Amino acid sequence: MSLRGTDEPDFMVTILTVFCKDTEERIKKIETQHMKPRLHIRTIAALIETIKGSSLSVGSEKVTQACNEFQKAKEQWKLAKCEKALLQLRCEFNHVKSVFVEIIKLERKIVFLTRPQLRDVTESTGSSSP
């Protein structure tokens, strides 16, 4: 099964872009909650659960694992382990995001090269690919 369809050639780019944008926003919310004097663990847990679901859908196993570690630590009421898991989540997400950015660039090139009408127009005007 392929994520790239002929009717929606930008599907993969859209999915990865939305994942990166939404996850970045959620992690920032977690970090904001984490800095408050009174930690709102339920709010953080809900954001973690959402990130976990999203990371599962794009195949980001290490982000999913960091979310699982947070959930385990939360269930055990181990704040230090929660903090470690949040740090791991940030690190894993940053790595995945950098990989996805490269995939997005490649996918855009593939889309460009597989659309002959765009390639023909660009070649006739002397412009380079995106």
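Since the model is a prediction, treat every value here as computed from it, not as a measurement.
The closest donor-acceptor contact from the side chain of Thr114 to the backbone of Val111 lies under 3.5 Å. Between the side chain of Ser60 and the backbone N or O of Leu56, no donor-acceptor pair lies under 3.5 Å. A distance-only check finds no donor-acceptor pair linking the side chain of Thr23 to the backbone of Cys20 [under 3.5 Å].
With values rounded to the nearest 0.5 angstrom, Phe70 atom CZ is found 15.0 Å from Lys84 atom NZ. Leu87 CG to Glu92 CD: the interatomic distance, rounded to the nearest 0.5 Å, is 10.0 Å.
Residues Glu69 and Ala85 share a closest heavy-atom pair of C-CB, 3.9 Å.
Using a 4.5 Å heavy-atom threshold, the side chains of Val58 and Val96 count as separate. For the pair Thr14 and Phe11, the minimum side-chain heavy-atom distance is 4.5 Å or more.
Linking ILVMFWY residues whenever their side-chain heavy atoms come closer than 4.5 Å, directly or via other members, leaves Phe112 and Val101 in distinct clusters. Cluster membership check: Met12 shares its hydrophobic cluster with Val99, using side-chain heavy-atom separations under 4.5 Å among Ile, Leu, Val, Met, Phe, Trp and Tyr.
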Practice task
Could you go through the side-chain contact (heavy atoms from CB on, under 4.5 Å) check for Ile48 and Leu89 one step at a time?
Solution key: CA-CA 9 Å; Ile48 293 283; Leu89 173 61; 3.5 Å; yes

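Applying the side chain to side chain donor-acceptor pair (under 3.5 Å) rule to Glu25 yields the partners Lys21; only residues at least two apart in sequence or on another chain are considered.
Glu61 and Gln65 are not linked by any side-chain donor-acceptor pair at a separation below 3.5 angstrom, with hydrogens and angles left out of the test. A donor atom on one side chain and an acceptor atom on the other are found under 3.5 Å apart for Gln71 and Lys52.
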